Number of protein chains: 2
Amino acid sequence: MSKQQRKIPLYIQIKRKLIDKIKEREWVPGDPLPSEGQLMQQFNVSRTTIRQTIRELAHDGIIETRRGAVARVKETPKDELENPGVVHHESGGEFSIKVLRSKYVYDHYFAQQQLQIEDAKIFFLERLRIADGTPIGFQQLYTPAYIGELIENEASAWFDIFPVLGMNSVNYSSIKEDVTASLVNQYEADLMGITSGDPLIEISRVTLGTDHRPIEFSKTKYLPAHFNYRIEIGY
Amino acid sequence: MSKQQRKIPLYIQIKRKLIDKIKEREWVPGDPLPSEGQLMQQFNVSRTTIRQTIRELAHDGIIETRRGAVARVKETPKDELENPGVVHHESGGEFSIKVLRSKYVYDHYFAQQQLQIEDAKIFFLERLRIADGTPIGFQQLYTPAYIGELIENEASAWFDIFPVLGMNSVNYSSIKEDVTASLVNQYEADLMGITSGDPLIEISRVTLGTDHRPIEFSKTKYLPAHFNYRIEIGY
DNA sequence: GCGGATTTGTTCGTATGTATA
DNA sequence: GTATACATACGAACAAATCCG
């Protein structure tokens with residue numbers, strides 16, 4: 001429209017408009033998008049621009065494309081399929097979450113470094129993972145503030161962050177996890193109701209978004225008896 | 001070039017050629033790529049095609065692009081690009097191996113079960129993994145006898161079994177690893193010269209050959225301070 | 001099941017804006 | 001400040017897969 005708005009590329013503007021329609025559930029998974037020709041007319045742009053929009057949406061895993069057929073909104077993938085290769089397994093029947101702390105911080109140097117952002121507001125979440133009433137894990141999680149706003153309200157409702165991110169159209173391109181073992185300290189032992197000195201599995205994770213910038217950093221400590229980490233390479 | 005290859009889109013062919021140069025370390029992280037104009041001439045294609053190649057490489061996180069500057073190979077540790085998946089890392093300078101036990105057994109029920117062979121001779125190997133003179137890990141390894149014959153003579157010479165298998169043309173189709181934590185027992189503590197009660201990372205591994213039958217089962221316990229387990233999904 | 005119309009995938013050429021060197 | 005190089009955007013053509021009567 002105006003000269004100010006022209007800073008944002010057309011293909012990004014159109015991409016956002018299409019994502020909005022999916023977010024607002026005007027288009028639900030499985031629905032066909034308009035054809036490229038229709039989109040060209042609708043937004044009054046060239047095929048090149050529409051194709052770049054479509055390519056990005058497909059690359060981000062938001063839509064699925066096939067030659068000769070109109071693009072469709074992607075069916076939300078199952079949790080298991082999102083992590084091919086690695087399977088976490090927590091044992092127990094009834095799982096729940098207790099939120100210990102949830103706040104925005106400005107001065108956490110280590111988290112800022114992990115998230116590669118400086119002097120910015122960071123959302124911090126500390127939770128207890130509970131199975132059948134017994135604590136089995138202790139989690140500290142950091143995200144940039146804009147992600148925190150998406151997840152903080154229901155921080156006790158979700159067990160795993162990735163489905164929540166997916167529902168908010170925040171996709172990731174890679175996950176890195178470091179696994180090590182440590183002894184439980186007094187603070188953690190009291191929280192989990194165990195004896196100081198027991199061993200824990202400690203998992204540090206950094207998740208990168210589709211722009212390859214960090215969107216989440218977390219450290220989780222599990223009781224080995226209730227947790228198993230399985231890696232499969234090949235098939 | 002040839003007629004056969006023409007099925008593959010140009011931008012994919014060029015992408016592969018560029019990735020090859022990075023894999024072969026002709027271009028190392030930080031190196032600039034040729035400009036788009038140079039690539040156009042070199043491959044005799046249009047700007048559109050080169051741009052699609054560049055866009056994909058950037059989106060995949062293999063190169064970094066900035067407006068006005070030539071693209072550069074992204075700073076990424078080499079292991080990760082070549083073998084996305086799992087990286088073990090043992091810290092230390094000078095590594096060595098001490099063989100504790102090396103023998104053929106007939107009556108090890110658990111190993112027979114893991115290797116899915118019955119009433120057959122199994123090769124058993126127990127080794128200490130040493131870094132700078134200090135034990136950092138304790139490994140028990142089982143293979144079918146025919147594999148044992150290939151590896152037993154030099155059991156103190158190799159640190160990792162897979163290169164040895166590869167040199168003997170024994171290939172694998174998959175690896176499964178379970179990671180957990182445990183407390184060191186008295187036997188292990190004495191072997192590694194540590195205090196009973198320290199935590200260990202425990203990795204159980206089953207390797208399947210190209211015929212999908214097990215060729216190796218092992219259990220290794222590491223001192224967390226000297227070991228790190230890294231899993232990467234995506235790239 | 002066949003065949004034409006539609007739609008996406010690839011590639012060319014060209015032009016302009018904007019950030020870097 | 002100028003030349004270079006990348007980012008965006010237009011138009012056009014053909015190939016390949018799909019869709020529909």
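Naming convention: chains lettered A, B, ... in sequence-line order (proteins, then strands); numbering from 1 in each chain. Computed from a prediction, not measured in an experiment: that's the story for all the values here.
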Nucleic acid contacts of residues 62-69 of chain A, taken as heavy-atom distances under 4.0 Å to DNA chain C: A:T65, A:R66, A:R67, A:G68, A:A69

Length of the line joining A:M40:CE and D:dC10:P, which is rounded to integer Å: 9 Å

Nearest to side-chain heavy atoms of B:P9, which nucleotide of C:dT7, C:dT11, D:dC6: C:dT11

Whole-Å distance separating the CG atom of A:L39 from the P atom of C:dG9: 13 Å

Value in whole Å for how far the P atom of C:dT7 lies from CG of A:L33: 13 Å

Spacing of B:R47 atom CZ relative to C:dT16 atom P, expressed in whole Å: 15 Å

Touch class at under 4.0 angstrom, heavy-atom based, for A:T49 against every strand present: sugar-phosphate

Nucleotide C:dG17, atom P - distance to CG of A:L10 in whole Å: 14 Å

Pair of N/O donor and acceptor under 3.5 Å linking D:dA7 base with B:R55 side chain: no

Nucleotide of D:dT8, C:dT11, C:dT8 approaching B:R51 most closely (side-chain heavy atoms): D:dT8

The single option from A:Y104, A:F217, A:F110, A:Y142 passing ring-ring contact (aromatic ring centres under 6.0 Å, His included) against A:F124: A:Y142

Atom pair distance, as rounded to whole Å: NZ in B:K15 and C1' in C:dT10: 15 Å

5′-ward residue of the pair A:R72/A:I12 relative to DNA chain D: A:I12

d(CD1, B:I50; P, D:dA5) in whole Å: 14 Å

Watson-Crick or G-U counterpart of D:dG1, or none if no pair lies under 3.5 Å: none

Nearest listed nucleotide, side chain of B:E36, among D:dC6, D:dT8, C:dG9: D:dC6

Listed nucleotide nearest any side-chain atom of B:S35, set D:dC6, C:dG13, D:dC10: D:dC6

